[in-house]
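What follows is a set of notes on a single structure, which appears directly below.
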Amino acid sequence: MRLSSLLLPTEREPPSDAEALSHKLMVRAGLIRQVGAGLWSWMPAGWRIHQNVVGVIRSEMDAIGAQELLMPTITPAELWKRSGRYDSVDAELFRFQDRKGADMILAMSHEETLTFHIAHIVRSYRQLPLQLYHFQTKGRDEARPRAGLLRTREFIMKDAYSFDRDEAGLDVAYEAQRAAYHRIFARCGLEFYECESDVGMMGGSGAHEFMAPCAAGENDVALAPGYAANVEVASADPQTVPPLREDLHGELHTPGQSTIEALAAGLDVSAGNLLKAFPIVTESRGLTMLFLRGDHRVNEVKLATQLGEPFRPATEEELTAAGQVPGYLGPNPDLPSLYDAALLPGRYVAGGGRPDTHVVVSLEVGRRIDVRTVEAGDTIDGTPITIEPAIEIGNIFKLGTRYSEPMGANYLDQDGKSRPIVMGSYGIGPARVAAAVAEQQGDERGISWPRELAPWDVELVAIGKSGTPEREAADRLYEQLAASPLDVLYDDRDAKPGEKFADAELLGVPLRLTLGKRSLDSGRVEAQRRRGLQDVEDGIALSDAAAQAEALWRELP
RNA sequence: CGGGGCGUGGCUCAGCCUGGUAGAGCACCGCGUUUGGGACGCGGAGGUCGGAGGUUCAAAUCCUCUCGCCCCGACCA
């Protein structure tokens with residue numbers, strides 16, 4: 001490809017509204033252009049990268065026996081009404097009506113559609129197991145699109161679905177996908193973590209997210225050797241606090257000290273010596289008191305999981321009606337109480353149930369639930385954890401019979417008995433993969449694509465204007481490279497060398513060859529690896545440049 | 001949905017407070033000189049100042065409404 005005829009709209013400056021590195025660089029490199037909030041077009045070079053990610057995923061999906069198909073984005077709402085998601089998903093679902101007034105949606109994933117087909121097609125255990133996948137545009141009316149490609153309202157997703165006779169079959173499919181994901185992200189040159197993730201209110205017996213650490217990531221991941229978990233579900237041992245001052249006993253007069261900060265300061269104790277009350281209301285339990293160590297925060301995802309039902313914070317009115325005093329809440333025999341696992345037996349200051357009063361209480365050993373948010377410095381097996389921002393690039397999820405039951409996807413087993421198919425689902429966003437690479441491999445000059453994803457294998461930069469011997473030599477070298485197994489981009493523009501180098505570094509093709517008068521005179525071609533802007537000493541011989549470039553390329557990341 | 005910010009030529013921005021009929025740099029077109037890290041000279045093209053309404057002799061500038069985009073938070077099958 002000759003750069004002079006390529007639509008590669010590079011920019012010297014990033015768009016004024018860009019903050020994330022990948023957003024700035026991908027726009028500057030001419031890979032993507034914005035259409036609207038969370039809506040992006042791929043320019044030709046960018047689309048080649050996207051297609052390369054797709055190619056990596058496709059090859060690994062095919063390698064584990066998954067079969068590619070294609071289902072439509074526009075979906076009759078009827079299917080989603082059957083699964084219950086038409087009502088449960090709410091505002092994030094794009095909804096519209098066709099000309100006949102029938103309710104339609106833009107699918108945000110395809111569990112319903114594929115399960116609907118499988119329900120019609122699969123009758124017997126002999127037809128199972130199956131794994132199917134597609135690449136398709138997904139619509140999600142995100143409340144807040146952000147950071148270029150990291151959170152968009154329309155994006156292509158690879159989603160795969162497994163269909164098995166039983167849980168044991170699901171485990172096999174899940175493991176195959178899990179292993180394929182490791183190969184995919186490794187081939188894409190990403191640093192990533194497989195993290196335990198929330199299985200949500202849908203139940204399901206397991207879920208993992210694949211997280212690529214980067215500054216613009218919108219999830220937090222807790223990390224320790226051998227451990228990686230989304231902070232939403234992470235568990236760790238709390239940092240210790242010194243015991244409560246010996247001289248504090250019984251009732252304490254604490255006027256106006258209705259917050260943890262004020263109370264800790266007023267009593268001159270650590271926030272960890274306090275008992276923090278978090279009153280909640282749930283459907284089945286009503287008003288319930290949850291207690292945590294004063295310096296800890298509730299993790300709402302973990303709490304909902306522990307409760308097994310949704311909850312909301314209690315209102316002041318509800319507390320008052322129950323005879324409680326907001327700001328001075330403490331253990332109370334009249335209300336059901338829950339205690340966080342970080343509350344070791346010992347003495348704590350708790351609300352006294354009356355205004356301006358706290359009491360010292362002794363917590364005994366008792367039932368605990370783990371519902372607090374972990375913090376950097378907490379430990380796992382004695383090792384402190386760190387918390388890093390990361391972007392979710394893929395997930396795998398054991399669905400069980402969540403969709404097969406409502407969609408009527410059953411099969412007859414060997415005994416002629418009807419059973420629901422056991423399912424899993426497995427998603428990857430290629431655009432996020434590309435953006436995560438840009439985040440991790442971007443520098444102030446541009447992006448450094450790994451071989452597997454790069455839009456071209458090698459970029460040839462010609463120095464010197466057309467008609468000169470060095471340009472004619474570059475033209476000939478381009479022809480040789482074009483005939484080689486390498487995909488070559490030829491910067492044949494009549495531009496200053498500095499502009500060509502700057503554009504090459506922005507675009508991030510892994511190997512750059514430079515041919516000008518200087519190199520022509522010495523019979524060499526300069527070669528530079530984009531990763532680390534590392535020059536190949538003395539370049540390569542012009543007479544054998546195509547073969548040597550290929551050899552160099554094979555050793556690149 | 002709450003809070004904050006921004007819409008002026010393709011891009012990045014100034015001008016707005018204090019109203020007087022639109023500017024810079026880069027990019028673009030022509031000619032010439034240049035050619036190993038984003039050149040220079042001369043000439044040129046390009047903007048209903050997001051939109052609507054209002055105030056005024058006069059609105060990019062003041063007022064009202066509205067649309068769009070970004071950031072923080074909430075939300076995120």
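All values below come from the heavy atoms of this structure, side chains included, with hydrogens, waters and symmetry mates left out. Numbered from 1 within each chain, the chains take letters A, B, ... in sequence-line order.
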Distance, rounded to the nearest Å, where A:Asp17 contributes CG and B:rC70 contributes P: 6 Å
Considering every strand and a 4.0 Å limit on heavy-atom distances, what is the contact class for A:Pro14: base, sugar-phosphate, or nothing? sugar-phosphate
Base of B:rA77, side chain of A:Arg140 - is there a donor-acceptor contact under 3.5 Å? yes
Please report the distance, rounded to the nearest Å, between CD in A:Glu13 and P in B:rA24. 17 Å
Out of B:rG37, B:rG38, B:rC71, minimum distance to the side chain of A:Arg144 belongs to B:rC71
Polar pair under 3.5 Å, donor/acceptor by atom type, side chain A:Thr514, base B:rG36: no
Taking the side chain of A:Ala143 as heavy atoms from C-beta outward, which of B:rU35, B:rC71, B:rC75 is closest to it? B:rC75
Decide, yes or no, whether a salt bridge links A:Arg512 with A:Glu505 under the criterion of side-chain N to carboxylate O below 4.0 Å. yes
Which part of the nucleic acid does A:Glu142 contact within heavy-atom distance under 4.0 Å: base, sugar-phosphate only, or nothing? nothing
Please state whether the phosphate of B:rA77, meaning OP1 or OP2, lies under 4.0 angstrom from any side-chain nitrogen or oxygen of A:Ser109. no
Using only heavy-atom distances, decide whether a donor-acceptor pair under 3.5 angstrom links the side-chain of A:Glu505 to the base of B:rG38. no
At under 4.0 Å between heavy atoms, what does A:Arg445 touch on the DNA or RNA strands: base, sugar-phosphate, or nothing? base
Opposite nucleotide pairing with B:rC40, Watson-Crick or G-U, both atom distances under 3.5 Å: B:rG32
Checking A:Tyr181 side chain against A:Gly427 main chain: does a donor-acceptor pair fall under 3.5 Å? yes
What is the distance, rounded to the nearest whole Å, between atom CG of A:Leu114 and atom C1' of B:rA77? 16 Å
Could you check whether A:Glu218 gets within reach of a base, just the sugar-phosphate, or nothing at all, counting any heavy atom under 4.0 Å? nothing
When the ring planes of A:Tyr161 and A:Phe163 are compared, do they come out parallel, tilted or perpendicular, using 30° and 60° as the limits? tilted
Taken to the nearest whole Å, CZ/A:Phe501 to P/B:rG38 is 10 Å
Name the pairing partner of B:rG10, where a pair is Watson-Crick or G-U wobble with both distances under 3.5 Å, or state none. B:rC26
Integer-rounded Å distance: B:rC71 C1' and A:Arg146 CZ: 9 Å
Side-chain atoms of A:Glu499 come closest, of B:rA77, B:rG38, B:rG37, to B:rG38
Can a donor-acceptor pair be found, under 3.5 Å and without considering hydrogens, that links the side chain of A:Asp159 to the backbone of A:Ser109? no
Roughly how many Å is it from CG in A:Asp90 to P in B:rC75, rounded to a whole number? 14 Å
From the list B:rG38, B:rG36, B:rG37, which nucleotide is the closest neighbour of the side chain of A:Arg12? B:rG38
Applying a 4.0 Å non-hydrogen cut-off, can you work out what A:Ala147 is touching in the nucleic acid: base, sugar-phosphate, or nothing? sugar-phosphate
What is the base-pairing partner of B:rA74, counting Watson-Crick and G-U wobble geometry with both distances under 3.5 Å? none
Does the plane of the ring in A:Phe210 sit parallel, tilted or perpendicular to the ring in A:Phe192? Use 30° and 60° as the thresholds. tilted
By nearest atom, which of the nucleotides B:rA39, B:rU12, B:rG38 is closest to the A:Ser16 side chain? B:rU12
Just name whichever nucleotide pairs with B:rU61, Watson-Crick or G-U, keeping both distances under 3.5 Å, else none. none
I'd like the P distance from B:rG25 over to B:rG43, given in whole Å. 13 Å
I need the A:Met423 CE to A:Leu170 CG distance, nearest 0.5 Å. 10.0 Å
Whole-angstrom distance between B:rG5 and B:rG44, as gauged at atom P: 43 Å
Check: A:Arg432 side chain, A:Glu392 main-chain N or O, donor-acceptor pair, under 3.5 Å: yes
Could you work out the separation of B:rA59 and B:rG50 based on their P atoms and round it to a whole Å? 15 Å
Using the C1' atom in both, what is the distance from B:rC70 to B:rA45, to the nearest Å? 32 Å
Would you please confirm or rule out a distance under 4.0 Å between OP1 or OP2 of B:rG68 and any side-chain N or O of A:Gln34? no
